[in-house]
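Only one structure is covered here, and it is reproduced in the block below.
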Amino acid sequence: MEKITKDKIECGLEVLKRLQDSKLISHLNSCVHCGLCADSCLYYLATGDERMIPAGKVDMVSAIYRRYCTITGKVFPALVGARELDDTNIREMVDLLYGACTMCGRCVKHCSIGVDIEYVIRTGREMLAKMGYVPESLQATVDAALTSGNNMAIPDEDFLDTIEWMEEELQDELNDPTATIPINQPGKNILYTLNPREPKFFPLSISAMAKIFYAAKESWTLSTGMYDVTNYAYFSSHPGHSRIIAQRMYDELQKMQAKKLVLAECGHGARANRWEGPNYIGREFPETVTSVELIAGYIKSGRIRPDRELNREVVTLHDPCNLVRSGGIVKEQRYILKNTVKNFVEMTPHGMDNFCCGGGGGQLAMSEYNDRRIKIAGIKAEQIKKTGAAIVATPCHNCVDQLSQINVTYRLNVQIKTMAEIVADSLIIEHP
Amino acid sequence: MSTIEIEGKTIEVGGDGFLIEPDIWDKELARLIAKYDGIEELNEKHWAIINIIRDNYEKKGMAPMIRVICKETGLKLREIYQLFPLGPARGACRVAGLPKPDGCV
């Protein structure tokens with residue numbers, strides 16, 4: 001790790017000294033150390049390591065705040081447990097705030113007095129990002145997005161080739177040579193987005209979503225200019241980077257003159273565009289919805305008519321934290337499953353109290369903390385096992401990847417699917 | 001840095017199990033990493049996939065699109081997922097000795 005310098009300290013402290021952020025100051029100073037957050041945290045539950053308790057992570061940040069932003073802390077730091085922003089503490093911050101938190105927000109819901117622990121963690125990450133201490137592998141993904149326009153640095157030509165391929169597959173499946181995956185067509189109702197892992201490695205969800213659009217007779221398009229639904233700078237918490245990425249999405253929507261932005265199945269992508277996006281760029285996004293809401297609407301209004309008999313295996317649902325706990329989208333995915341699968345069973349706990357898959361908060365990208373990520377996922381593995389399900393559906397590609405890995409590691413012997421794949425499998429297309 | 005141990009041999013890998021030095025890769029290492037992942041034997045289809053990934057990496061410095069893997073090997077998408085249960089990235093690319101791709105993989 002690069003040594004701390006005076007300039008770096010200043011950069012980090014600027015974040016804490018934002019006088020207008022009264023929310024930060026009250027949340028930094030409110031923890032009563034009741035300890036209730038401990039049992040809400042995957043890391044503490046899986047390891048029993050007291051360093052992992054969320055309150056301790058909050059204290060990492062507030063101890064620095066006390067040292068540099070309060071009179072007592074400046075004069076008698078030991079008296080108030082204040083900490084220096086030095087190499088040792090920075091190493092500890094990086095390890096705990098980046099390396100031991102999936103930003104799942106479960107601790108926030110369990111906090112006895114409602115401290116927004118996740119917000120404090122993000123602020124701590126922001127300090128580290130401003131000082132240049134984002135873990136290398138996470139920064140690489142942010143950099144790929146900043147320099148190439150998508151987080152896997154897929155060249156346009158390769159992207160277009162893949163879309164064309166999926167279009168052919170769709171035509172074969174539907175037995176309709178006019179079925180299309182529209183691209184770069186301005187003036188459509190919907191600008192649809194993707195997680196780059198779809199075109200790169202897992203394109204079945206692209207043709208699945210195209211099949212749903214086909215069945216709903218939707219007017220939609222993808223765009224080469226900006227299709228990446230992710231914003232990894234939300235995880236690194238560098239405000240400048242997250243702004244650039246969010247602005248791109250906003251600009252593309254304007255350029256394509258689409259009425260609506262539809263976000264692919266991606267927990268943090270939904271959050272970073274729909275809920276944080278307007279904060280990042282300082283203006284409101286035009287109508288922005290997740291594909292889960294869109295599909296639920298299609299079913300409700302009768303635009304698509306799924307047949308539950310076509311999905312007969314037992315299906316359980318994994319709730320992505322950003323979509324559910326942070327975004328409040330809880331009923332839509334259940335409504336979809338109840339209409340598209342014959343046997344739907346819930347995990348325990350689920351919904352607002354669900355456990356993270358272990359891959360959130362940028363963990364999936366951060367090789368540095370791989371062993372921890374797999375270890376904490378033991379809790380999710382147990383949850384899945386207990387349902388007896390053959391398929392785990394989840395509206396988040398990041399969760400899909402983490403669940404696919406623990407499927408092998410913990411020998412769950414299930415299939416992991418996106419919601420679009422489940423819905424597409426339940427559709428019979430009738431040709432006139 | 002961490003290591004994976006298989007058949008009495010120790011392989012140095014990054015935290016996520018991908019080789020740190022893609023240049024030290026050879027067919028024996030591929031066999032060992034695959035075995036570590038539970039793939040007992042690499043068959044012709046596995047090798048066809050691995051060779052294309054490796055070739056693409058050496059020419060372009062990155063993993064190929066799944067499109068290229070399917071096109072060049074003539075294998076169906078679902079077949080590739082079956083051959084490498086951890087998927088094209090964490091499974092096939094890792095066995096082919098590539099560094100971990102960026103993004104949600």
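Below, chains carry the letters A, B, ... as their sequence lines are ordered, and counting in each starts from 1. Everything quoted here is computed from the prediction, not taken from an experiment. These values consider heavy atoms only, across backbone and side chains, with no hydrogens, waters or symmetry-generated copies.
Listed for the Thr141(A) side chain is a donor-acceptor partner under 3.5 Å among the backbone atoms of Gly103(B).
With chain B as the partner, the residue from Lys200(A), Gln402(A), Arg197(A), Gln405(A) showing the most heavy-atom pairs under 4.5 Å is Lys200(A). With respect to chain A, the highest number of heavy-atom pairs below 4.5 Å among Pro88(B), Pro85(B), Gly91(B) belongs to Pro88(B). Contact tally against chain B (heavy-atom pairs below 4.5 Å) for Val400(A), Asp143(A), Val408(A), Thr230(A): the top residue is Val408(A). Of the listed residues (Ala63(B), Cys93(B), Gly87(B), Gly17(B)), the one with the most heavy-atom contacts under 4.5 Å to chain A is Ala63(B).
Contact annotation: the side chain of Asn151(A) never approaches that of Asp102(B) to less than 4.5 Å [non-hydrogen atoms, C-beta and beyond]. Residues Ser404(A) and Leu86(B) have side chains not in contact (no heavy-atom distance under 4.5 Å, counting atoms from C-beta outward). Between Arg78(B) and Leu204(A) there is a side-chain heavy-atom pair separated by less than 4.5 Å. For the pair Phe202(A) and Cys104(B), the minimum side-chain heavy-atom distance is 4.5 Å or more. Taking the side chain as every heavy atom from C-beta outward, Met366(A) and Asp16(B) never approach each other to under 4.5 Å.
Residue Ala92(B): no heavy atom, backbone or side chain, is found under 4.5 Å from chain A. For chain A, the nearby part of Pro101(B) is the side chain; its heavy atoms alone come within less than 4.5 Å. The part of Pro64(B) that comes within reach of chain A is its backbone (N, CA, C, O), which places non-hydrogen atoms under 4.5 angstrom from that chain. Neither the backbone nor the side chain of Ala145(A) comes within less than 4.5 Å of any heavy atom in chain B. Neither the backbone nor the side chain of Phe18(B) has a heavy atom closer than 4.5 Å to any heavy atom of chain A. Both the backbone and the side chain of Phe201(A) come within contact range of chain B, each with at least one heavy atom under 4.5 Å from a heavy atom of that chain. For Asn195(A), the part sitting under 4.5 Å from any heavy atom of chain B is the side chain, from C-beta outward, and nothing else.
When the shell of 6.0 Å around CD of Glu41(B) is examined, it contains 12 or fewer heavy atoms from other residues, nucleotides or ligands. Dense packing is recorded around NZ of Lys385(A), with more than 12 heavy atoms of other residues, nucleotides or ligands lying under 6.0 Å away. Counting non-hydrogen atoms of neighbouring residues, nucleotides and ligands closer than 6.0 angstrom, the CD atom of Glu136(A) reaches no more than 12 such neighbours. For Asp26(B), the CG atom sits in a packed shell: over 12 heavy atoms of surrounding residues, nucleotides or ligands are nearer than 6.0 Å. In Glu79(B), the CD atom is crowded: over 12 heavy atoms of neighbouring residues, nucleotides or ligands sit closer than 6.0 Å. Glu168(A) CD: more than 12 foreign heavy atoms inside a 6.0 Å radius.
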Exercise. Check the pair Leu77(B) / Trp165(A) against side-chain contact (heavy atoms from CB on, under 4.5 Å), numbers first and verdict last.
Key: CA-CA 12 Å; Leu77(B) 247 179; Trp165(A) 174 41; 3.8 Å; yes
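Expressed to the nearest 0.5 Å, how far CG of Asp161(A) lies from CZ of Arg67(B) amounts to 5.0 Å. Rounding to the nearest 0.5 Å places CG of Leu364(A) at 6.0 Å from NZ of Lys100(B).
Considering all non-hydrogen atoms of both residues, Gly15(B) and Asp371(A) come closest at O-OD1, 4.0 Å.
Look at Arg90(B) and Asp401(A) and you find a salt bridge, because one of the NZ, NE, NH1 or NH2 atoms lies within 4.0 Å of a carboxylate O, short of that distance.
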